[in-house]
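Nothing here was measured: the structure is a model prediction, and the numbers come from that model.
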Amino acid sequence: QVQLVESGGGLVQAGGSLRLSCAASGRTFSSYAMGWFRQAPGKEREFVAFIVWDSVVTYYADSVKGRFTISRDNTKNTVYLQMNTLKPEDTAVYYCAASLAGNGLINRSRYDYWGQGTQVTVSS
């Protein structure tokens, strides 16, 4: 069993920054690849970023590349999403997810566990 809890969302002006955290319960956190997805009202959940188990490889959606940074601290069982230069189109519920897969990590179907989501709202 793995439980994921996101935090750090909120309301921010365009151009501002937020850091999301995802705390994982589980004794083999370091074995999982971790991803962030987001879902705006009326739209499908879309890929944002992933990071592999050893943090060597990260990958970002084009829409956030250069602005967002995913990282993890396996000693704390936590994955982060640093979001800079936020835009109104970044407004969404953000979800973290854990996967034992070694490929296909841009796809929702490859993830085994999901958090409850945290709201990010960017004004203007």
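When the side-chain hydrogen bond (donor to acceptor under 3.5 Å, both in side chains) test is applied to Thr121, the partners found at least two apart in sequence or on another chain are Gln119. For Ser17, the side-chain contact (heavy atoms from CB on, under 4.5 Å) criterion is met by Gln82, Asn84, not counting sequence neighbours. For Ser7, the side-chain contact (heavy atoms from CB on, under 4.5 Å) criterion is met by Ser21, not counting sequence neighbours. Remark: Tyr32 pairs with no residue by the side-chain hydrogen bond (donor to acceptor under 3.5 Å, both in side chains) rule, at least two apart or across chains. The side-chain hydrogen bond (donor to acceptor under 3.5 Å, both in side chains) search around Arg108 returns none, not counting sequence neighbours. Contacts of Lys65 classified as side-chain hydrogen bond (donor to acceptor under 3.5 Å, both in side chains), with partners at least two apart in sequence or in another chain: Asp62.
Contacts classified as ring-ring contact (aromatic ring centres under 6.0 Å, His included) and involving residues 76-101 (residues at least two apart or in different chains) are not found. Within the structure, disulfide (SG to SG under 2.5 Å) pairs that include any residue of residues 29-66 do not occur (at least two apart or interchain). Contacts classified as disulfide (SG to SG under 2.5 Å) and involving residues 42-87 (residues at least two apart or in different chains) are not found. Applying the disulfide (SG to SG under 2.5 Å) test to residues at least two apart or on different chains, the pairs with a partner in residues 60-124 are Cys22-Cys96. Residue pairs satisfying the salt bridge (Lys or Arg N to Asp or Glu O under 4.0 Å) criterion with at least one member in residues 28-39, sequence neighbours excluded, are listed as follows: Arg38-Glu46, Arg38-Asp90. Contacts classified as ring-ring contact (aromatic ring centres under 6.0 Å, His included) and involving residues 98-124 (residues at least two apart or in different chains) are given here: Phe37-Tyr111, Phe37-Trp114, Tyr111-Trp114.
Contact detail for Leu4 and Gln116: the closest heavy-atom pair is O-OE1, 3.5 Å. Closest approach of Ser123 and Pro88 over heavy atoms only: O-CG, 4.2 Å. Across all their heavy atoms, Ala40 and Ala92 have their closest contact at N-CB, 3.9 Å.
Looking only at side-chain heavy atoms (C-beta outward), Leu20 and Met83 come within less than 4.5 Å of each other. Trp36 places a side-chain heavy atom less than 4.5 Å from the side chain of Glu6. In this structure, the side chains of Asp112 and Val2 stay at 4.5 Å or more apart for every pair of heavy atoms. Residues Asn107 and Phe47 fail the side-chain proximity criterion, which asks for heavy atoms closer than 4.5 Å. The shortest side-chain heavy-atom distance between Val57 and Ile51 does not fall under the 4.5 Å cut-off. Annotation: side chain of Phe50 is not in contact with side chain of Val79 (no heavy-atom distance under 4.5 Å). Between Thr118 and Val93 the shortest side-chain heavy-atom distance does not fall below 4.5 Å. Taking 4.5 Å as the limit, every side-chain heavy atom of Val122 sits out of range of all side-chain heavy atoms of Lys87.
In the hydrophobic cluster analysis, where Ile, Leu, Val, Met, Phe, Trp and Tyr join through side-chain heavy atoms closer than 4.5 angstrom, Val56 is grouped together with Ile106. Under the 4.5 Å side-chain heavy-atom criterion for ILVMFWY residues, no single connected hydrophobic cluster contains both Leu100 and Val52. In the hydrophobic cluster analysis, where Ile, Leu, Val, Met, Phe, Trp and Tyr join through side-chain heavy atoms closer than 4.5 angstrom, Leu105 is grouped apart from Val64.
Within 6.0 Å of the OH atom in Tyr59, the count of heavy atoms belonging to other residues, nucleotides or ligands does not exceed 12. The environment of CD in Glu89 is crowded: more than 12 heavy-atom neighbours from other residues, nucleotides or ligands sit within 6.0 Å.
Defined by atom type and a distance below 3.5 Å, a donor-acceptor pair is present between the side-chain atoms of Asn103 and Arg110. Side-chain contact of Asp73 with Thr75: a donor-acceptor pair under 3.5 Å is present, judged by distance alone.
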Item to check | Verdict with supporting geometry, Thr91 and Val120, side chain to side chain contact (heavy atoms under 4.5 Å, CB included) | outcome: CA-CA 5 Å; Thr91 295; Val120 172; 5.9 Å; no
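A donor-acceptor pair is defined here as one N or O able to donate and one able to accept, closer than 3.5 Å; such a pair exists between the side chain of Thr78 and the backbone of Lys76.
Between the CE atom in Met34 and the CG atom in Asn74 there is a gap of 9.5 Å [rounded to 0.5 Å].
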